Amino acid sequence: MNLFKRIVLVLVGAVSCTACIDNAIPYPVEEIAILSYEGVGFSSTIDPVTRTVTLHLDEQTNITAVEVTKAEITENGVSSISLTGTFNMLTPIEVTLSRYQDYVWTIKAEQTIERYFTVAGQIGQSVIDAESRTVTAYVAEGSDLTNITITSLKLGPKEVTAMTPAPEEIRDFSSVRYIYLQYPALAGQMERWQLYVLETDVKAQITQADAWATCAWLYGAAQQNDSVGFRYRKSGEDSWQEVAGVSYISGTLTAKVTGLTPNTSYDFVAYSGEDQSPVVTRTTESVVPLENAGFEYWCKKEDIVYPYADGTAPYWATGNVGASIVGETLTEGVSDVRPGSSGKLAARLSSKYANVFGVGKFAAGNLYIGNYVRNDGTHGIVHFGRPFTARPTALRGWVKYNRGLVDRITSQPPGVTINSGDPDCGMIFMALGDWDPATYGGTADSPVEIATRRINETAFDVNSDAIIAYGEMPLAESVEGWTQFTIPLDYRATDRIPTHIIIVCSASRYGDYFTGSTQSVMWLDDFELVYE
């Protein structure tokens, strides 16, 4: 074989091998996601697991012409359609985001319209069926149905709905009455609703009774009378006690009964004059304390500090495992306890920046109920929460705080602007909820996963439907001496029982974005759950 043929064969072989190698190399997997979605007349939530953006429209926002002004997707991603502009959101929109692979996202809208219908002399709440566009109010037997006064009526979006005829023109309810609505989303059409007023023989009733540890929430209906309200007693006793602070509006009763004894059976009744409802019996719940609430128990394993006694099951956790990569301890027990404490230790949370062999990372001093799962490079994966079914009303504790100026910025939450030199902010928050670990990424014990590498997708959502009660205390100023605090819990429903509790404390509020001040330090002592 001559030299020319050899060269050609070598070149052909080289090209063939190159082609084989090129075809064998897979494209990298890089998920493209919608990171933020903003516009006029709505807020949005982004679920990266289901790849869904939900627009929560204000009442008066025209669902057929929703204006989106800003949308952010993963860097270098491409969208199959423009994500900004004006959209008809009566039906969901599908969009494909691409780079090396395609990811189909859904954008949908939800619009909650507050509706009510009340009449003079009403008993109980009105029944509103939005699907059939029917509303019904109830009055006492013998009422003159030809002379009913509507005291309130709202069936369409606020501020943009016109009603025909006007509510004050409708008085005869001896048969069904109709009212017609017009608002922008109807595009010139009219929406017809049916109005009913019916008689009922109910004089007084309890419609719902939710007993917590030391209080109970009562809901009922009563015929208008000079004397209406609730009474209660311990089961087995003869005498009734009057419930104070009863609200009576349009035939409905609501009240909170306080001063009850945990694990005790109580009877409740509603009354209107001499008429009394059937007795409803409920048993109050137990008072459940926090574990290691005084932060007395700590241990050290392989030079990592943990907030629990050696040999016991973990309850609280910290970011110390992650910080150990660069030889730092963020959170530890210290002897600087609050005045009057019966304990010997408190918790100190210090935000720090560590640099080892040119690799540096900011980390906030933190303490939370849950579990540090593992390191993910220089990032971390944590699970929030522990099983808990009680219903306290507040979190109380003691705090000191040194607020530094922001000197480390890695990333920021969508919609938040933080500049170097801005004051840092500490944060303590508590949540009770019924999070499903299959949805929120955690485990049965600690159901909510936070992964800092994907923080925009996994950041804790205070607006989650799984949250039953929530309270927070931002620390926007330094607290020089030990100070007692109380964080009331805002319950979104009184009849839901939580499955888990979450408490998170951070010396730098945006530490999960690796942003904050290396001068921020928080001290915590003697937490307790309040039941009252």
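Computed from a prediction, not measured in an experiment: that's the story for all the values here.
The pair E169-R177 does not meet the salt-bridge criterion, since no charged nitrogen lies less than 4.0 angstrom from a carboxylate oxygen.
Not a single donor-acceptor pair under 3.5 Å links the side chain of R192 to the backbone N or O of Y180. No donor-acceptor pair closer than 3.5 Å links the side chain of Q60 to the backbone N or O of N62. With hydrogens and angles disregarded, a donor-acceptor distance shorter than 3.5 Å links the side chain of T284 to the backbone of T264. When atom types are taken as modelled, the side chain of T214 and the backbone of Y531 share a donor-acceptor pair closer than 3.5 angstrom. In this structure, the side chain of W212 engages the main chain of T494 through a donor-acceptor pair within 3.5 Å.
A donor-acceptor pair shorter than 3.5 Å can be found between the side chains of N263 and S286. When only modelled atom types and interatomic distance are considered, S341 and D526 share a side-chain donor-acceptor pair under 3.5 Å. A donor and an acceptor atom, one from each side chain of Y440 and S464, are located under 3.5 Å apart. Side chains of T443 and D445: a donor-acceptor N/O pair is absent below 3.5 angstrom, by distance only.
The number of heavy-atom neighbours closer than 6.0 Å to OH of Y297, taken from other residues, nucleotides and ligands shown, is 12 or below. Annotation for Q125: atom CD does not count as buried by contact number, only 12 or fewer foreign heavy atoms lying within 6.0 Å.
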Side chain to side chain donor-acceptor pair (under 3.5 Å) between E472 and Y470, intermediate numbers included: CA-CA 7 Å; E472 68 178 26; Y470 180 80; 2.6 Å; yes

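Taken to the nearest 0.5 Å, the CZ atom of R348 stands 14.0 Å off from the CE atom of M522. T164 OG1 to I179 CD1: the interatomic distance, rounded to the nearest 0.5 Å, is 7.5 Å.
Listed by first and then second residue, the salt bridge (charged side-chain N to carboxylate O under 4.0 Å, His left out) pairs that reach into residues 252-280 are R233-D267, sequence neighbours excluded.
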